[in-house]
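Worksheet: the structure to be examined is printed underneath.
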Amino acid sequence: MGNTKFEEITTGRGEDLVTLTRWVIAQQQHAPEATGDLTLLLTAIQFGCKFVASKVKQAGLINLLGLTGAANVQGEEVKKLDVLANDIFRNALIASGKACILVSEEDENAMVIQDKNLRGKYIVTFDPLDGSSNIDCGVSIGTIFGIFKVDDSENPNEKDILRSGRHLISAGYCMYGSYCEMILSVGNGVNGFTLDPAIGEFIMTHPNIKLPSRGKIYSVNEGNYKYFDEPCKKYVDQVKQKYSARYVGSMVSDIHRTLLYGGIFGYPADAKSKRGKLRILYEVFPMAFLIEQAGGKATTGTQNALDLVPEHIHDRSGIWLGSKEDVEELESYYKQ
Ligand code: AHM
Ligand code: MG
(Lines give C-alpha, C1' and ligand atoms only; values in the text may rest on other atoms or scores of the structure.)
(Ligands and ions follow the chains in the order given, each with its own letter.)
Protein backbone atom coordinates (compact mmCIF):
# COMPACT_ATOMS: atom_id res chain seq x y z
CA MET A 1 0.00 0.00 0.00
CA GLY A 2 1.05 3.58 -0.56
CA ASN A 3 2.92 3.01 -3.84
CA THR A 4 0.14 4.11 -6.20
CA LYS A 5 1.31 6.98 -8.38
CA PHE A 6 -1.29 9.47 -9.59
CA GLU A 7 -1.14 11.35 -12.88
CA GLU A 8 -3.54 14.11 -13.83
CA ILE A 9 -5.64 13.53 -16.91
CA THR A 10 -7.84 15.76 -19.03
CA THR A 11 -10.01 15.04 -22.06
CA GLY A 12 -8.92 15.86 -25.57
CA ARG A 13 -6.15 13.28 -26.03
CA GLY A 14 -6.14 10.93 -29.02
CA GLU A 15 -9.49 10.00 -30.55
CA ASP A 16 -11.99 12.28 -28.86
CA LEU A 17 -15.45 12.91 -30.22
CA VAL A 18 -17.81 15.48 -28.74
CA THR A 19 -21.17 13.75 -28.66
CA LEU A 20 -24.41 15.67 -28.27
CA THR A 21 -24.93 14.12 -24.82
CA ARG A 22 -21.46 15.15 -23.71
CA TRP A 23 -21.97 18.67 -25.02
CA VAL A 24 -25.32 19.04 -23.22
CA ILE A 25 -23.80 17.77 -19.95
CA ALA A 26 -20.97 20.29 -20.34
CA GLN A 27 -23.52 23.12 -20.70
CA GLN A 28 -25.17 21.92 -17.50
CA GLN A 29 -21.82 21.89 -15.68
CA HIS A 30 -21.23 25.52 -16.71
CA ALA A 31 -24.57 26.60 -15.24
CA PRO A 32 -24.34 26.32 -11.43
CA GLU A 33 -28.12 26.59 -10.97
CA ALA A 34 -28.80 23.75 -13.46
CA THR A 35 -30.63 20.70 -12.12
CA GLY A 36 -29.95 18.32 -15.01
CA ASP A 37 -33.63 18.30 -15.99
CA LEU A 38 -33.04 19.95 -19.36
CA THR A 39 -30.23 17.48 -20.03
CA LEU A 40 -32.66 14.59 -19.51
CA LEU A 41 -35.33 16.24 -21.65
CA LEU A 42 -32.85 16.77 -24.48
CA THR A 43 -31.73 13.16 -24.14
CA ALA A 44 -35.34 12.09 -24.72
CA ILE A 45 -35.60 14.33 -27.78
CA GLN A 46 -32.32 12.98 -29.06
CA PHE A 47 -33.59 9.43 -28.67
CA GLY A 48 -36.82 10.35 -30.51
CA CYS A 49 -34.80 11.78 -33.41
CA LYS A 50 -32.66 8.64 -33.71
CA PHE A 51 -35.77 6.46 -33.64
CA VAL A 52 -37.53 8.55 -36.29
CA ALA A 53 -34.35 8.70 -38.41
CA SER A 54 -34.23 4.93 -38.51
CA LYS A 55 -37.93 4.64 -39.44
CA VAL A 56 -37.60 7.28 -42.17
CA LYS A 57 -34.74 5.28 -43.70
CA GLN A 58 -36.76 2.06 -43.74
CA ALA A 59 -40.14 3.61 -44.56
CA GLY A 60 -40.41 2.32 -48.13
CA LEU A 61 -39.51 -1.20 -47.01
CA ILE A 62 -41.83 -1.58 -44.05
CA ASN A 63 -45.05 -0.10 -45.43
CA LEU A 64 -44.69 3.28 -43.73
CA LEU A 65 -45.18 5.48 -46.78
CA GLY A 66 -48.54 6.97 -47.74
CA LEU A 67 -51.57 8.29 -45.94
CA THR A 68 -53.43 7.06 -42.88
CA GLY A 69 -56.73 8.12 -44.42
CA ALA A 70 -57.36 10.61 -41.60
CA ALA A 71 -56.94 14.38 -41.48
CA ASN A 72 -55.43 16.38 -38.64
CA VAL A 73 -57.02 19.30 -36.79
CA GLN A 74 -55.78 21.63 -39.49
CA GLY A 75 -57.57 19.66 -42.19
CA GLU A 76 -54.34 18.27 -43.64
CA GLU A 77 -53.97 14.65 -44.73
CA VAL A 78 -51.95 12.69 -42.21
CA LYS A 79 -49.16 10.39 -43.35
CA LYS A 80 -48.34 7.16 -41.54
CA LEU A 81 -44.90 8.49 -40.66
CA ASP A 82 -46.46 11.65 -39.15
CA VAL A 83 -48.41 9.49 -36.71
CA LEU A 84 -45.51 7.22 -35.89
CA ALA A 85 -43.16 10.17 -35.29
CA ASN A 86 -45.76 11.83 -33.06
CA ASP A 87 -46.11 8.66 -30.95
CA ILE A 88 -42.34 8.29 -30.69
CA PHE A 89 -41.81 11.82 -29.39
CA ARG A 90 -44.85 11.75 -27.15
CA ASN A 91 -43.71 8.53 -25.46
CA ALA A 92 -40.08 9.63 -25.15
CA LEU A 93 -41.02 13.01 -23.68
CA ILE A 94 -43.48 11.59 -21.16
CA ALA A 95 -40.99 8.91 -20.08
CA SER A 96 -38.31 11.57 -19.49
CA GLY A 97 -40.36 12.80 -16.53
CA LYS A 98 -39.29 16.35 -17.31
CA ALA A 99 -42.14 17.65 -19.47
CA CYS A 100 -45.55 18.81 -18.29
CA ILE A 101 -47.28 19.95 -21.49
CA LEU A 102 -46.76 18.79 -25.06
CA VAL A 103 -47.98 20.82 -28.03
CA SER A 104 -47.72 18.86 -31.26
CA GLU A 105 -48.74 19.74 -34.80
CA GLU A 106 -50.52 16.38 -34.89
CA ASP A 107 -52.63 16.85 -31.75
CA GLU A 108 -55.66 19.12 -31.63
CA ASN A 109 -55.21 19.96 -27.95
CA ALA A 110 -52.27 20.74 -25.71
CA MET A 111 -51.49 17.48 -23.90
CA VAL A 112 -50.96 17.68 -20.14
CA ILE A 113 -49.02 14.81 -18.61
CA GLN A 114 -51.43 13.02 -16.29
CA ASP A 115 -49.07 11.19 -13.98
CA LYS A 116 -47.82 13.75 -11.49
CA ASN A 117 -44.75 11.62 -10.85
CA LEU A 118 -43.82 12.00 -14.50
CA ARG A 119 -44.60 15.70 -14.68
CA GLY A 120 -41.65 18.08 -15.00
CA LYS A 121 -41.34 21.79 -15.59
CA TYR A 122 -40.97 22.01 -19.35
CA ILE A 123 -43.38 22.64 -22.19
CA VAL A 124 -42.26 21.10 -25.45
CA THR A 125 -43.78 22.32 -28.70
CA PHE A 126 -42.96 20.18 -31.71
CA ASP A 127 -43.67 19.26 -35.27
CA PRO A 128 -42.77 15.57 -35.18
CA LEU A 129 -42.25 15.29 -38.92
CA ASP A 130 -42.15 18.50 -40.88
CA GLY A 131 -42.23 18.58 -44.67
CA SER A 132 -44.99 16.01 -45.05
CA SER A 133 -45.35 16.60 -48.78
CA ASN A 134 -41.77 15.36 -49.22
CA ILE A 135 -42.06 12.13 -47.21
CA ASP A 136 -43.09 9.78 -49.99
CA CYS A 137 -40.49 10.94 -52.51
CA GLY A 138 -37.53 10.61 -50.14
CA VAL A 139 -36.70 14.32 -49.98
CA SER A 140 -35.23 15.64 -46.70
CA ILE A 141 -37.72 16.14 -43.87
CA GLY A 142 -37.25 16.89 -40.19
CA THR A 143 -38.43 17.32 -36.61
CA ILE A 144 -38.68 20.81 -35.08
CA PHE A 145 -38.94 21.54 -31.36
CA GLY A 146 -39.07 24.43 -28.92
CA ILE A 147 -38.80 24.29 -25.12
CA PHE A 148 -40.41 26.66 -22.59
CA LYS A 149 -40.37 26.47 -18.81
CA VAL A 150 -43.56 26.72 -16.75
CA ASP A 151 -43.81 28.91 -13.68
CA ASP A 152 -45.56 26.23 -11.62
CA SER A 153 -45.43 22.61 -12.82
CA GLU A 154 -48.21 21.69 -10.35
CA ASN A 155 -50.60 24.00 -12.18
CA PRO A 156 -49.48 24.43 -15.78
CA ASN A 157 -51.92 26.56 -17.74
CA GLU A 158 -52.63 28.38 -20.96
CA LYS A 159 -50.58 31.45 -20.14
CA ASP A 160 -47.48 29.24 -19.94
CA ILE A 161 -48.01 28.22 -23.57
CA LEU A 162 -49.39 31.31 -25.28
CA ARG A 163 -46.33 33.48 -24.77
CA SER A 164 -43.91 35.25 -27.04
CA GLY A 165 -40.92 33.41 -28.47
CA ARG A 166 -38.70 35.43 -26.16
CA HIS A 167 -39.58 32.90 -23.45
CA LEU A 168 -38.02 29.97 -25.30
CA ILE A 169 -35.10 28.48 -23.41
CA SER A 170 -34.04 26.03 -26.12
CA ALA A 171 -34.94 25.06 -29.66
CA GLY A 172 -33.68 22.82 -32.38
CA TYR A 173 -34.42 20.59 -35.30
CA CYS A 174 -33.26 17.30 -36.67
CA MET A 175 -32.98 16.90 -40.42
CA TYR A 176 -33.44 13.46 -41.93
CA GLY A 177 -31.59 13.92 -45.20
CA SER A 178 -28.54 12.63 -47.04
CA TYR A 179 -27.13 12.85 -43.54
CA CYS A 180 -29.03 13.15 -40.29
CA GLU A 181 -28.20 16.31 -38.37
CA MET A 182 -29.41 17.80 -35.10
CA ILE A 183 -29.15 21.57 -34.78
CA LEU A 184 -29.53 22.80 -31.22
CA SER A 185 -29.43 25.99 -29.20
CA VAL A 186 -29.83 26.37 -25.46
CA GLY A 187 -29.54 30.13 -25.78
CA ASN A 188 -25.79 30.50 -26.16
CA GLY A 189 -25.24 30.04 -29.89
CA VAL A 190 -26.05 27.22 -32.29
CA ASN A 191 -24.26 23.92 -32.76
CA GLY A 192 -24.75 21.07 -35.22
CA PHE A 193 -24.33 17.34 -34.53
CA THR A 194 -24.32 14.68 -37.24
CA LEU A 195 -25.63 11.20 -36.47
CA ASP A 196 -22.91 8.59 -36.89
CA PRO A 197 -24.99 5.49 -37.66
CA ALA A 198 -22.06 3.21 -36.85
CA ILE A 199 -22.09 4.18 -33.16
CA GLY A 200 -25.61 5.61 -32.93
CA GLU A 201 -24.44 8.96 -31.58
CA PHE A 202 -24.80 12.55 -32.71
CA ILE A 203 -21.26 13.95 -33.08
CA MET A 204 -20.46 17.65 -33.12
CA THR A 205 -19.64 18.57 -36.70
CA HIS A 206 -20.80 22.18 -36.96
CA PRO A 207 -19.67 24.09 -33.84
CA ASN A 208 -20.84 27.65 -33.26
CA ILE A 209 -22.77 28.18 -36.50
CA LYS A 210 -22.86 31.81 -37.64
CA LEU A 211 -24.84 33.05 -40.60
CA PRO A 212 -23.03 35.29 -43.04
CA SER A 213 -24.53 38.80 -42.92
CA ARG A 214 -25.61 38.33 -46.55
CA GLY A 215 -26.15 35.29 -48.70
CA LYS A 216 -26.71 34.60 -52.39
CA ILE A 217 -29.85 32.48 -52.20
CA TYR A 218 -33.54 33.34 -51.85
CA SER A 219 -36.07 30.65 -51.00
CA VAL A 220 -39.82 31.07 -51.28
CA ASN A 221 -42.67 29.17 -53.00
CA GLU A 222 -43.06 31.37 -56.07
CA GLY A 223 -46.06 29.30 -57.11
CA ASN A 224 -47.86 31.59 -54.64
CA TYR A 225 -46.52 34.79 -56.26
CA LYS A 226 -49.94 35.86 -57.54
CA TYR A 227 -51.22 35.88 -53.94
CA PHE A 228 -48.28 37.87 -52.49
CA ASP A 229 -48.85 41.43 -51.25
CA GLU A 230 -47.13 44.32 -53.08
CA PRO A 231 -44.04 44.67 -50.82
CA CYS A 232 -43.43 40.94 -51.07
CA LYS A 233 -43.84 40.93 -54.87
CA LYS A 234 -41.45 43.86 -55.21
CA TYR A 235 -38.86 42.22 -52.95
CA VAL A 236 -39.03 38.92 -54.86
CA ASP A 237 -38.86 40.74 -58.22
CA GLN A 238 -35.60 42.42 -57.28
CA VAL A 239 -33.94 39.63 -55.27
CA LYS A 240 -34.26 37.22 -58.19
CA GLN A 241 -32.19 39.63 -60.30
CA LYS A 242 -29.18 38.99 -58.08
CA TYR A 243 -29.62 35.71 -56.17
CA SER A 244 -30.10 32.02 -56.99
CA ALA A 245 -33.40 30.37 -56.12
CA ARG A 246 -33.56 27.23 -53.95
CA TYR A 247 -36.77 25.83 -52.46
CA VAL A 248 -37.02 22.33 -51.01
CA GLY A 249 -40.52 22.68 -49.53
CA SER A 250 -39.39 21.22 -46.17
CA MET A 251 -38.81 24.07 -43.75
CA VAL A 252 -36.11 22.12 -41.91
CA SER A 253 -34.10 21.65 -45.10
CA ASP A 254 -34.61 25.20 -46.33
CA ILE A 255 -33.56 26.56 -42.93
CA HIS A 256 -30.60 24.17 -42.72
CA ARG A 257 -29.27 25.44 -46.03
CA THR A 258 -29.90 29.03 -44.94
CA LEU A 259 -28.02 28.49 -41.64
CA LEU A 260 -25.01 27.03 -43.43
CA TYR A 261 -24.90 29.12 -46.62
CA GLY A 262 -26.80 32.28 -45.68
CA GLY A 263 -29.52 33.99 -47.71
CA ILE A 264 -33.22 34.29 -46.99
CA PHE A 265 -36.15 31.87 -46.64
CA GLY A 266 -39.75 32.96 -46.42
CA TYR A 267 -43.29 31.70 -46.23
CA PRO A 268 -45.22 34.97 -46.22
CA ALA A 269 -48.83 35.56 -45.31
CA ASP A 270 -50.66 36.16 -48.58
CA ALA A 271 -54.12 36.48 -50.09
CA LYS A 272 -54.57 32.68 -50.00
CA SER A 273 -53.05 32.00 -46.56
CA LYS A 274 -54.02 35.20 -44.77
CA ARG A 275 -52.08 34.33 -41.62
CA GLY A 276 -49.31 32.45 -43.42
CA LYS A 277 -48.86 28.69 -43.45
CA LEU A 278 -46.24 27.99 -40.82
CA ARG A 279 -47.31 27.49 -37.24
CA ILE A 280 -45.97 29.88 -34.60
CA LEU A 281 -45.30 27.59 -31.65
CA TYR A 282 -43.53 24.70 -33.33
CA GLU A 283 -42.27 26.04 -36.67
CA VAL A 284 -41.83 29.82 -36.56
CA PHE A 285 -40.54 30.27 -32.98
CA PRO A 286 -37.95 27.48 -32.89
CA MET A 287 -36.52 28.45 -36.27
CA ALA A 288 -36.54 32.19 -35.44
CA PHE A 289 -34.73 31.40 -32.16
CA LEU A 290 -32.04 29.37 -33.98
CA ILE A 291 -31.59 31.96 -36.71
CA GLU A 292 -31.22 34.78 -34.15
CA GLN A 293 -28.83 32.71 -32.07
CA ALA A 294 -26.73 32.25 -35.23
CA GLY A 295 -26.61 36.02 -35.82
CA GLY A 296 -29.44 36.21 -38.35
CA LYS A 297 -32.88 37.78 -38.20
CA ALA A 298 -36.51 36.62 -38.34
CA THR A 299 -39.47 38.83 -39.20
CA THR A 300 -43.07 38.68 -40.26
CA GLY A 301 -42.22 41.59 -42.56
CA THR A 302 -43.35 44.18 -40.04
CA GLN A 303 -42.57 42.60 -36.66
CA ASN A 304 -39.79 40.56 -35.14
CA ALA A 305 -41.02 36.96 -35.29
CA LEU A 306 -40.03 36.14 -31.68
CA ASP A 307 -42.25 39.00 -30.44
CA LEU A 308 -45.41 37.35 -31.77
CA VAL A 309 -47.85 36.10 -29.13
CA PRO A 310 -50.12 33.31 -30.39
CA GLU A 311 -53.77 33.30 -29.31
CA HIS A 312 -54.20 29.60 -30.03
CA ILE A 313 -51.70 26.75 -29.99
CA HIS A 314 -51.97 26.15 -33.75
CA ASP A 315 -51.85 29.82 -34.82
CA ARG A 316 -49.87 30.63 -37.94
CA SER A 317 -47.81 33.57 -39.12
CA GLY A 318 -46.03 34.78 -42.22
CA ILE A 319 -42.28 34.53 -41.71
CA TRP A 320 -38.98 35.51 -43.32
CA LEU A 321 -35.69 34.31 -41.83
CA GLY A 322 -32.04 34.40 -42.73
CA SER A 323 -28.98 36.58 -43.08
CA LYS A 324 -29.44 39.84 -41.21
CA GLU A 325 -28.92 42.22 -44.13
CA ASP A 326 -31.11 40.15 -46.44
CA VAL A 327 -33.96 40.15 -43.94
CA GLU A 328 -33.54 43.90 -43.33
CA GLU A 329 -33.74 44.45 -47.08
CA LEU A 330 -37.03 42.54 -47.16
CA GLU A 331 -38.30 44.62 -44.21
CA SER A 332 -37.41 47.84 -46.02
CA TYR A 333 -40.10 47.03 -48.62
CA TYR A 334 -42.73 46.93 -45.85
CA LYS A 335 -41.58 50.32 -44.55
CA GLN A 336 -41.98 52.07 -47.90
P1 AHM B 1 -46.23 20.44 -42.79
O2 AHM B 1 -45.97 20.77 -41.36
O3 AHM B 1 -47.62 19.96 -43.04
O4 AHM B 1 -45.19 19.53 -43.36
O5 AHM B 1 -46.16 21.84 -43.58
C6 AHM B 1 -45.06 22.68 -43.39
C7 AHM B 1 -44.20 22.69 -44.61
C8 AHM B 1 -42.86 23.33 -44.37
O9 AHM B 1 -41.89 22.37 -44.09
C10 AHM B 1 -42.57 24.00 -45.67
O11 AHM B 1 -41.78 25.16 -45.50
C12 AHM B 1 -43.92 24.35 -46.21
O13 AHM B 1 -44.84 23.48 -45.56
C14 AHM B 1 -44.01 24.12 -47.67
O15 AHM B 1 -45.30 24.46 -48.11
P16 AHM B 1 -45.66 24.52 -49.66
O17 AHM B 1 -45.75 23.11 -50.13
O18 AHM B 1 -46.97 25.25 -49.68
O19 AHM B 1 -44.58 25.30 -50.37
MG1 MG C 1 -44.76 21.28 -40.15
Side-chain angles (χ1 to χ4, degrees), residues 48-49 52 56 59 65-68 70-86 88-90 102-108 124-146 171-177 181 183 217-228 232 236 245-259 263-291 298 300 305 310 313-322:
C49 293
V52 172
V56 166
L65 296 182
L67 300 171
T68 57
N72 67 14
V73 56
Q74 301 162 64
E76 299 156 341
E77 292 174 320
V78 177
K79 302 264 164 104
K80 292 181 197 166
L81 268 178
D82 284 325
V83 175
L84 179 65
N86 196 37
I88 287 172
F89 282 103
R90 188 194 279 192
L102 308 181
V103 175
S104 164
E105 178 179 311
E106 298 303 328
D107 294 317
E108 179 171 359
V124 184
T125 65
F126 59 106
D127 183 350
L129 206 54
D130 182 66
S132 299
S133 68
N134 282 325
I135 291 178
D136 291 350
C137 59
V139 171
S140 300
I141 48 183
T143 297
I144 310 171
F145 60 90
Y173 63 79
C174 184
M175 182 184 71
Y176 312 110
E181 172 118 357
I183 298 289
I217 294 171
Y218 76 102
S219 182
V220 65
N221 185 345
E222 281 191 76
N224 293 330
Y225 181 88
K226 56 184 174 296
Y227 305 114
F228 289 169
C232 182
V236 170
R246 294 281 186 282
Y247 186 74
V248 179
S250 294
M251 188 189 200
V252 167
S253 314
D254 283 315
I255 292 293
H256 193 62
R257 182 199 57 247
T258 306
L259 265 181
I264 184 164
F265 164 81
Y267 207 113
D270 62 24
K272 191 172 67 167
S273 313
K274 296 228 164 26
R275 303 190 69 177
K277 175 176 185 189
L278 299 174
R279 271 80 24 141
I280 296 173
L281 280 180
Y282 41 82
E283 291 171 331
V284 170
F285 277 172
M287 293 310 199
F289 184 82
L290 291 169
I291 289 280
T300 62
I313 58 169
H314 296 296
D315 272 0
R316 302 167 190 256
S317 169
I319 178 78
W320 290 90
L321 320 99

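Numbers for residues simply follow the sequence, beginning at 1. Counting starts at 1 for both ligands and their atoms, following the listed order.
- Under a 3.5 Å cut-off, the side chain of Ser253 and the backbone N or O of Ser140 do form a donor-acceptor pair.
- Shown in contact with Glu283 at under 4.0 Å from a heavy atom are these atoms of ligand 1, numbered in order with element: 2 (O), 6 (C).
- Scanning all protein heavy atoms for the shortest distance to atom 6 (C) of ligand 1 gives Asp130 OD1, 3.3 Å.
- Considering backbone and side-chain atoms together, Val252 places no N or O closer than 3.5 Å to any N or O of ligand 1.
- In terms of heavy-atom proximity, Trp320 sits nearest to Gly266 at CE3-CA, 3.5 Å.
- Looking at every heavy atom in both residues, Thr258 comes nearest to Gly322 through CG2-CA, 3.8 Å.
- Ile313 and Leu281 get closest at one heavy-atom pair: O-CD1, 3.6 Å.
- Interface atoms of ligand 1 facing Asn221, defined by a heavy-atom separation under 4.0 Å, are 16 (P), 18 (O), 19 (O).
- Close contacts between ligand 1 and Ser132 involve ligand atoms 3 (O), 4 (O) [criterion: under 4.0 Å to a heavy atom].
- Proximity of Val252 to Ile141: side-chain heavy atoms (C-beta onward) are nowhere separated by under 4.5 Å.
- Residue nearest to atom 1 (P) of ligand 1, selected from Lys79, Arg279, Met287: Arg279 (by heavy-atom distance).
- Pairing each heavy atom of Asp254 with each of Gly249, the nearest pair is OD2-N, 3.0 Å.
- Near Asp127, meaning under 4.0 Å from one of its heavy atoms, ligand 1 places the atoms 2 (O).
- There is a side-chain donor-acceptor pair under 3.5 Å between Ser219 and Arg257.
- In this structure, OG1 in Thr300 is found 7.5 Å from CD1 in Ile319, a value given to the nearest 0.5 Å.
- Among all non-hydrogen protein atoms, the one lying nearest atom 10 (C) of ligand 1 is Gly249 O, 3.4 Å.
- Of the protein's non-hydrogen atoms, Tyr267 OH, 2.6 Å is the one closest to atom 18 (O) of ligand 1.
- Looking at residues two or more places apart in sequence or on another chain, you find no ring pair (Phe, Tyr, Trp, His ring centres under 6.0 Å) involving Tyr218.
- Note that CZ of Phe265 and CG of Leu321 are 7.0 Å apart. Values are rounded to the nearest 0.5 Å.
- Atom numbering of ligand 1 starts at 1 in the shown order; those under 4.0 Å from a heavy atom of Glu105 are 1 (P), 2 (O), 3 (O).
- Taking only nitrogen or oxygen atoms, main chain and side chain alike, Asn224 does not reach within less than 3.5 Å of ligand 1.
- For residues 275-285, the pairs satisfying side-chain hydrogen bond (donor to acceptor under 3.5 Å, both in side chains) are Gln74-Arg279, Gln74-Tyr282, Glu76-Arg279, Glu105-Arg279, Arg279-Glu283, Tyr282-His314, with sequence neighbours left out.
- Checked against the Mg ion (ligand 2), the N, O or S atom of Asp127 at the shortest distance is OD2.
- Ligand 1 has an N or O atom lying under 3.5 Å from an N or O atom of Met251, backbone or side chain.
- Per residue Asp130, closest N, O or S atom to the Mg ion (ligand 2): atom name OD1.
- Numbered from 1 in the order shown, with element, the atoms of ligand 1 that lie under 4.0 Å from a heavy atom of Ser250 read 9 (O).
- Considering only non-hydrogen protein atoms, atom 19 (O) of ligand 1 sits nearest to Tyr247 OH, 2.5 Å.
- Glu105 has its closest N, O or S atom to the Mg ion (ligand 2) at the position named OE1.
- Shortest distance from the Mg ion (ligand 2) to Glu283 is reached at OE2 (N/O/S atoms only).
- Among protein heavy atoms, atom 15 (O) of ligand 1 sits closest to Lys277 NZ, 3.0 Å.
- Once rounded to the nearest 0.5 Å, the distance linking CG of Leu290 with NE2 of His256 reads 11.5 Å.
- Close contacts between ligand 1 and Gly131 involve ligand atoms 4 (O), 9 (O) [criterion: under 4.0 Å to a heavy atom].
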